[in-house]
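Throughout, numbering of the chain's residues begins at 1 and tracks the sequence.
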Amino acid sequence: MYESGMDLGGLRAELGTLPLGAVDDVGVAWFLQDLQGWDSSESRSEIQQREGDHGAWFTPVYLGERPITLGGTIIAQDRAALEEAMERARVAAGLGDTLLVVREAVPKQALVRRSGRPILQYVTDAIGTFSLLVTAADPRRYAVEEQAASTGLPSTSGGITPPFSLPVTLDATTVSGQITATNPGTFETRPVLRIDGPVAAPRVLALYQDGTVRQLAYSETIAADEFLVIDVDAKSAVLNGTASRRRFLSAQWPVIPAQQTVTFMFAADVYTPAALLTVTWRPAWQ
């Protein structure tokens, strides 16, 4: 009746390995008929009444967590296949981080965890319904495709060295030491920066379209076989994947605003040709 991999039309999503809106590897059809909470998360703020005056003051408004309900119909070959499918649904809405991907025109994803009792009910021996409640602690919906770019320290090589005779040809290679990062989404996103040594006292400057600059400055030396990862969202600096170096980092924590491009500039006290800056980011939507 249903072939593995068949698109059932309508909504499409993957909760872990569960292909909602499609037919799975054993021929079970998962119709996704309900997707609540993916449109937007709740906001949180406070209103403080003005003293001796009309009206009130707004405090900053922030997005809260994003509860998401996934619901629909399961059609299996028989009772045993339906029961096995229901068990897989319980596992997919797991207690740990699970990747939820929604197949929109621009596919988007979020890390979610179970936040309510999975509701799985029988309709017939081969047909059932499911309702899975999960929550994303981070309210952003991120692009599935990650963006990344790398650069060395700015330098110029080649050209000519005196003495020389006319006519001459000036052939030189310039490394700009810059990365441009664009966020076409509707909400600011936070990049991850990796600096590979050797490099002494590296700095990363984020130049915004309005001319403002934010700086990350690391006061120590990164050796030739070492790397430092700066996670703007976690506000952390970790050397070689294990050792926190946050106390050596002076940070203004750059973000990439919605519908904007940020230029990241790599600098250091002394030029070293092997030093490398890599910036990774995902466009984000509300």
Side-chain angles (χ1 to χ4, degrees), residues 11-18 20-21 32 34-46 58-71 92-116 132-149 179-194 204 206-210 212 214 216 229-238 246 251-264 278-286:
L11 298 172
R12 282 290 307 271
E14 291 98 43
L15 180 62
T17 60
L18 207 62
L20 306 178
L32 179 59
D34 188 21
L35 179 59
Q36 297 182 32
W38 189 248
D39 50 353
S40 183
S41 60
E42 296 290 342
S43 61
R44 54 184 172 86
S45 65
E46 295 181 0
F58 278 114
T59 61
V61 180
Y62 298 98
L63 295 180
E65 69 278 8
R66 183 187 293 270
I68 302 165
T69 301
L70 302 153
L95 303 180
D97 286 342
T98 302
L99 190 65
L100 171 64
V101 177
V102 177
R103 297 295 172 182
E104 301 174 301
V106 177
K108 302 177 184 71
Q109 67 180 40
L111 276 179
V112 300
R113 294 185 182 183
R114 179 189 296 183
S115 54
L132 307 174
L133 178 60
V134 294
T135 296
D138 185 342
R140 297 170 183 82
R141 297 176 298 143
Y142 290 100
V144 170
E145 185 176 350
E146 185 177 69
Q147 307 293 312
I179 292 170
T180 56
T182 300
N183 176 17
T186 61
F187 200 68
E188 55 92 5
T189 191
R190 299 171 179 179
V192 175
L193 300 90
R194 171 172 167 150
V204 179
L207 175 62
Y208 289 82
Q209 292 179 188
D210 63 1
T212 60
R214 295 185 184 181
L216 296 165
V229 175
I230 302 171
D231 187 327
V232 173
D233 185 53
K235 292 182 171 54
S236 64
V238 178
R246 176 65 184 85
Q252 293 176 305
W253 303 118
V255 300
I256 308 172
Q259 304 290 316
Q260 291 193 34
T261 295
V262 175
T263 300
F264 291 92
T278 301
V279 180
T280 59
W281 72 98
R282 293 181 189 271
W285 285 259
Q286 290 190 41

Determine, stepwise, if the pair Leu70 / Leu100 fulfils side chain to side chain contact (heavy atoms under 4.5 Å, CB included).
CA-CA 10 Å; Leu70 302 153; Leu100 171 64; 4.2 Å; yes
Quick check against the 3.5 Å criterion: does [X] have a side-chain atom that pairs as donor or acceptor with the backbone of [Y]?
X: Ser41; Y: Leu63; value: no
X: Ser43; Y: Val61; value: no
X: Arg141; Y: Ala110; value: no
X: Arg282; Y: Ala143; value: yes

Minimum heavy-atom distance between [X] and [Y], given as atom pair plus value:
X: Glu65; Y: Pro67; result: O-CD, 3.4 Å
X: Val279; Y: Pro191; result: CG1-CB, 4.0 Å
X: Val101; Y: Gln109; result: CG2-CB, 4.0 Å
X: Thr186; Y: Gln286; result: OG1-N, 3.1 Å

Would you mind reporting whether [Y] and [X] have side-chain heavy atoms less than 4.5 Å apart?
X: Arg103; Y: Glu14; value: yes
X: Tyr62; Y: Pro139; value: no
X: Leu216; Y: Ile230; value: yes
X: Pro257; Y: Val262; value: yes
X: Thr180; Y: Thr182; value: no
X: Val112; Y: Leu15; value: yes
X: Lys108; Y: Val102; value: no
X: Thr189; Y: Pro283; value: no

Take atom CD in Gln147; do more than 12 heavy atoms of anything else shown fall under 6.0 Å from it?
yes
Kindly compute the distance separating [atom1] ([X]) from [atom2] ([Y]), expressed to the nearest 0.5 Å.
X: Lys235; Y: Arg246; atom1: NZ; atom2: CZ; value: 9.0 Å
X: Leu11; Y: Leu32; atom1: CG; atom2: CG; value: 4.5 Å
X: Ile256; Y: Thr261; atom1: CD1; atom2: OG1; value: 9.0 Å
X: Asp138; Y: Leu111; atom1: CG; atom2: CG; value: 8.5 Å
X: Phe187; Y: Tyr142; atom1: CZ; atom2: OH; value: 8.5 Å
X: Leu132; Y: Thr69; atom1: CG; atom2: OG1; value: 9.0 Å

Go through the steps to decide whether Val255 and Tyr208 satisfy the test side chain to side chain contact (heavy atoms under 4.5 Å, CB included), and finish with yes or no.
CA-CA 10 Å; Val255 300; Tyr208 289 82; 4.3 Å; yes
I want to check a possible cation-pi pair here: Arg190 against Trp253, using under 6.0 Å from ring centre and within 45° of the ring axis as the test.
no
SB check Glu42 Arg44 (cutoff 4.0 Å):
no
Show the numbers, then the answer: is there a side chain to side chain contact (heavy atoms under 4.5 Å, CB included) between Asn183 and Gln259?
CA-CA 5 Å; Asn183 176 17; Gln259 304 290 316; over 6 Å; no
Verdict with supporting geometry, Arg140 and Glu188, side chain to side chain contact (heavy atoms under 4.5 Å, CB included):
CA-CA 9 Å; Arg140 297 170 183 82; Glu188 55 92 5; 2.7 Å; yes
